[in-house]
Amino acid sequence: EMGLPTSLCNMVSSLQSGDNNYESIDQVEEDLHLMKTQPEKFLFNSPNSNLQIFPHMLYGRALEASKLLEIYKCSKDVNSKTNNMVLISGYAGTGKSSLVRSVQKQLVEGGAKFATGKFDAMQQVRPLSAVVSAMDDYCELLSQDTDRIHQVRKDVTNALGSEGLVLAKLLPSLHKVTNICEGTTSVQVSGREVMQRLMLLFRLLLRATCNPCCPCVLFLDDLQWADEVSLELMHALVTDSEIRGLVIIGCYREVSSCHPLTRQLNGIQNSDNVDVTQIFLDNLDADAVNNMLSDILLTLPRRTRKLSEAVLHKTGGNALFVVQFLCSLHQEGLIRFSLASREWEWDIGRIKQKDIAENVIDLMRAKISRLAPNVRNALQLAASFGAQCQTDVLHIVDKATDSTDSTADALDVAVSEGLMAKEKSAYKFSHDQIQRAAYLLVPDSERGAFHLRTGRLLLKWASTEEIERNLFLLVDQIQRGYSLITERSEMINFARLCLMAGMKASIMSAFLPASVYLKAGIGLLRSDDWNFHRDLCLELYNSCAETEFILGDFEAMRDHIEEVLARGNTPDENMRSHYLLVQHATALGSVHQGIEIAMTVLTTLGESVPTSVTLTEIQQELEVTRQMLRPYTKDSILKLEPMHDSNKIAAMRFLNMIVPKLFYL
Ligand SMILES: Nc1ncnc2c1ncn2[C@@H]1O[C@H](COP(=O)(O)OP(=O)(O)OP(=O)(O)O)[C@@H](O)[C@H]1O
Ligand SMILES: [Mg+2]
C-alpha cells in the first residue's frame with residue numbers, strides 16, 4: 001500500500017512475528033544482499049498470475065557447461081592433433097539437450113559453426129535424417145560466412161569435383177558453397193560402394209572446410225535412436241585423421257551393451273584421432289531445484305526451501321518432472337498468485353500429499369486433453385510425423401480443409417502452452433515425451449488408418465515437387481497403414497511411391513530403410529500385377545532382393561529371387577536375379593555353383609565359353625587379342641565410345657565377377 005516492495009515487507013513481518021524464517025542476523029544480511037545486488041529479481045519483481053518458467057534457464061549445470069566450453073577452446077588450438085567428441089548421457093529428461101543448447105550461443109560467438117541434428121524414435125526408418133540435416137545446416141552456415149565464402153567455395157569445389165552432385169542431392173544447401181555445373185555426371189556405383197562413396201564425400205567436405213580457426217560443432221541429439229549408417233558416418237567423420245577442428249556433441253539415454261551405439265562409441269574411444277569426454281548428467285540437486293523455484297516464484301531462495309524439498313522428494317530432481325510437476329501444481333491451484341499479498345503462495349501440506357503421475361506421459365496427456373479440440377487434433381497430426389513437423393507440410397494439409405483456421409494457428413496455441421517450440425520452418429515438440437503423449441491420443445487400433453489418411457491427403461494436395469521433397473515422410477505415413485488399402489489403382493500408385501523411396505534410400509546407403517519401403521511396395525502387389533504392371537513388379541522384387549543381399553538377409557533375398565525367376569519370361573527379365581545368385585554363391589564360398597549359373601547365363605547371352613582349353617588354344621587367343629589391341633594406346637582406348645549392346649554389357653558384368661574367382665579354384 002505504501003509502495004514498499006513486497007519482499008521487504010515480508011522480511012519485516014517475518015522478523016516481527018518470529019515465524020522461524022530467519023535463524024540468525026547473518027541470514028537477514030544475506031537476503032538484504034540479494035535484494036541489493038539483484039533488485040530486479042528480489043526487490044521490484046512484478047509478478048503476474050502466469051507461472052513463468054524460463055526454458056532457457058539452467059540450474060546446477062555450471063560445471064558441465066564450462067567443461068563444454070573448455071573442450072571447444074581445445075578444438076581451436078591449431079597445434080591440436082585430434083578432433084573432439086563429447087558424449088552426454090543420462091536418463092530421459094535430466095536436461096542433456098538443454099545443457100548443449102545453453103552453451104550454443106557462446107560457442108557461436110566463439111566462432112563455431114554450430115549445426116544440429118536430432119534422431120527421432122518415430123523416424124528411425126528415415127535414413128541418415130539427423131546427420132543430413134546437421135550437415136545441411138552446416139553448409140548453410142558456411143554460405144552465410146561472407147568473409148570466407150569465396151575461399152570455401154573454391155576449396156569445396158576442388159575437394160568434391162563432379163561427385164559434389166551426389167552429395168548435393170542430400171544436402172540442398174551444398175549448392176550455395178560449391179560450383180556444380182549442370183550436366184556433370186558422377187560415376188555410377190552400387191551396393192556397399194554407395195555408402196563408402198557417401199562417407200568419403202562427407203569427409204572431403206569437412207576436410208576442406210573445417211579447421212581449428214573455424215571449428216564445426218555438430219550436435220547430434222538422441223543417438224539412442226540413430227540408424228547404423230548414421231553411426232558409422234559419425235564414427236568416420238570424427239576419427240578422420242585429416243579433419244581438424246571438428247567437435248561432435250552426442251546426447252543419448254543410457255543404452256544396453258548390445259545396442260549398435262555402444263559398439264560405435266567403443267570404436268571411437270579406441271581411436272587416436274579423437275579425444276572423447278564423457279559427461280553423465282544426473283538429476284538436479286536440492287540447491288538447483290531451490291534456485292529454480294525461487295526464480296520462478298520470484299521470491300527469496302530461503303522462502304522456497306520447504307517447497308523445493310517437497311518437489312525434490314516427489315520428482316527425484318528429474319528436470320523434466322520438476323517443470324511438469326510445477327505446472328500441474330499451478331493448474332490445480334496448489335500454487336497460486338495472491339492478489340492480496342501480491343506474491344506467490346502455496347499449500348505445502350496438500351502438495352506433500354499429492355501423488356505425482358507415474359510418468360511424464362500421463363501428466364502431459366492430462367494437459368493436452370484440456371486443450372481445445374482443434375489444438376488437440378493439430379497436435380495429433382504433428383505427432384504423427386515425429387519430433388518435428390515442417391510448416392510447408394502443414395500448408396499442404398491445410399489445402400484440404402475449408403476452415404480458415406490453419407493447423408499452424410492451432411499449433412501456435414500449443415507453442416504458447418509450452419508444448420511446442422516454433423523454429424524457422426518447423427514446429428518442434430518441446431520434448432519427445434510430449435510428442436509421445438500427443439501421439440498416444442490416437443487409439444492403437446486406429447493408428448494405421450490415421451497415418452493412411454494423412455498419407456492420402458498429402459499425396460492428393462502436394463505438388464510433384466513437394467512430393468519429391470517430402471517423399472520419405474509421405475511414404476512413412478502410407479507404409480504405416482498400407483495393409484488397409486483395398487482399391488487396386490491406389491495400391492499400384494503407392495507401390496510406385498514405395499519403390500521411389502526405396503531407391504532414394506539406397507542411393508543414401510540406407511539399406512535397412514530401403515528394404516522396409518521396398519517390402520511395403522511388394523506388400524501392395526497382387527498376383528495379376530505381374531501381367532499388368534510387370535516392370536513395377538520386377539523392379540520392386542529385384543531391388544528388394546539386392547538390398548537384402550547387402551543386409552545379409554539371404555533367406556528373404558532367395559524368396560524374392562525365386563518369385564522373379566518363376567515369373568520371368570525372358571533372360572533379360574531374369575538377369576538381375578541371376579547376377580545376384582552368382583554374387584551370393586561366390587560370396588558364400590560356393591564358387592563352383594556361382595560359375596555354373598554364370599556359364600548358363602553367358603550361353604543365353606550368346607557367349608560360348610569352353611569349359612576346358614589347352615595351353616596352345618590360350619596362346620592363340622592371347623595372340624588374337626594382342627593383334628586387336630595393336631592400333632590402340634591406353635589413352636585412345638579410354639576415348640572409345642562406351643559399349644551399347646545390352647547383351648554384351650551383361651556378359652561383361654558376369655565375366656567381371658567370376659573371372660577373378662577362377663584363379664582360386
Ligand atoms: N538444469 C536445468 N534447470 C532447469 N530446467 C531444466 C534443466 N535441465 C533441463 N531442464 C528442463 O527440463 C526439461 C527436459 O530437459 P531436456 O529436454 O534437456 O532433457 P533430456 O535429458 O534431453 O531428455 P531426453 O533424454 O528425453 O532427450 C526441459 O523442459 C528443460 O527446460
Ligand atoms: Mg534430449
Side-chain angles (χ1 to χ4, degrees), residues 51-68 86-105 116-124 129-130 134 219-226 249-255 259 261 278-297 301 304 308 311-312 314-328 330 356 359-361 363-364 367 383 386-388 414-421 423 428-439:
L51 199 63
Q52 299 256 359
I53 293 182
F54 313 99
H56 303 300
M57 280 295 286
L58 231 54
Y59 301 86
R61 300 295 189 218
L63 262 180
E64 290 84 355
S66 65
K67 182 92 208 152
L68 282 174
V86 190
L87 296 168
I88 305 176
S89 62
Y91 301 106
T94 47
K96 302 176 289 295
S97 313
S98 307
L99 170 65
V100 182
R101 278 196 297 268
S102 75
V103 292
Q104 177 174 351
K105 189 158 170 269
T116 310
K118 177 174 160 57
F119 293 99
D120 187 341
M122 288 279 290
Q123 292 172 5
Q124 267 166 319
S129 54
F219 168 31
L220 300 178
D221 203 0
D222 289 325
L223 287 176
Q224 74 274 6
W225 290 318
I249 305 179
C251 289
Y252 61 96
R253 298 183 192 162
E254 293 290 289
V255 290
H259 195 284
L261 176 63
Q278 189 93 40
I279 297 178
F280 177 75
L281 269 202
D282 218 334
N283 286 334
L284 300 178
D285 62 15
D287 280 343
V289 175
N290 193 42
N291 287 337
M292 184 170 165
L293 291 192
S294 132
D295 271 3
I296 293 174
L297 302 175
T304 49
S308 66
V311 171
L312 188 70
K314 296 281 173 192
T315 60
N318 179 288
L320 179 66
F321 262 67
V322 171
V323 172
Q324 297 309 330
F325 187 53
L326 281 180
C327 291
S328 72
H330 179 234
I356 180 163
N359 54 51
V360 190
I361 294 204
L363 221 58
M364 298 320 304
K367 179 165 183 172
Q388 62 171 318
V415 171
S416 67
E417 288 286 328
L419 295 169
M420 294 192 102
E423 295 192 357
K428 290 189 173 174
F429 281 94
S430 306
H431 198 271
D432 62 83
Q433 301 277 30
I434 300 175
Q435 182 263 340
R436 193 134 183 81
Y439 186 60

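Quick note: numbers below take in every heavy atom, side chains included, and nothing from hydrogens, waters or symmetry partners. Every number for a ligand or one of its atoms is a count from 1 in the order of the listing.
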In this structure, CG of Asp221 is separated from CZ of Phe119 (nearest 0.5 Å) by 9.5 Å
Identify the protein heavy atom lying closest to [atom], giving its residue, its atom name and the separation to 0.1 Å.
atom                    : answer
atom 3 (N) of ligand 1  : Tyr59 N, 3.0 Å
atom 20 (P) of ligand 1 : Lys96 N, 3.5 Å
atom 17 (O) of ligand 1 : His431 CD2, 3.1 Å
atom 31 (O) of ligand 1 : Pro55 O, 3.6 Å
atom 22 (O) of ligand 1 : Ser97 OG, 2.7 Å
atom 10 (N) of ligand 1 : Ala319 CB, 3.4 Å

Could you list which atoms of ligand 1 come closer than 4.0 Å to a heavy atom of [X]?
X      : value
Asp222 : 27 (O)
Leu284 : 1 (N)
Arg253 : 24 (P), 25 (O), 26 (O)

Under 2.8 Å from the Mg ion (ligand 2), is there any N, O or S atom belonging to Ser98?
no
Of Gly93, Ser98, Cys251, the residue with the heavy atom nearest atom 16 (P) of ligand 1 is Ser98
Main-chain N/O of Asp120 paired to Asp222 side chain as donor or acceptor, under 3.5 Å: no
Heavy-atom nearest pair, Cys251 first then Phe219, reads SG-CE1, 3.6 Å
Requested in this report: Please confirm whether Met57 comes under 4.0 Å of ligand 1, counting heavy atoms of the residue only.
Outcome: yes
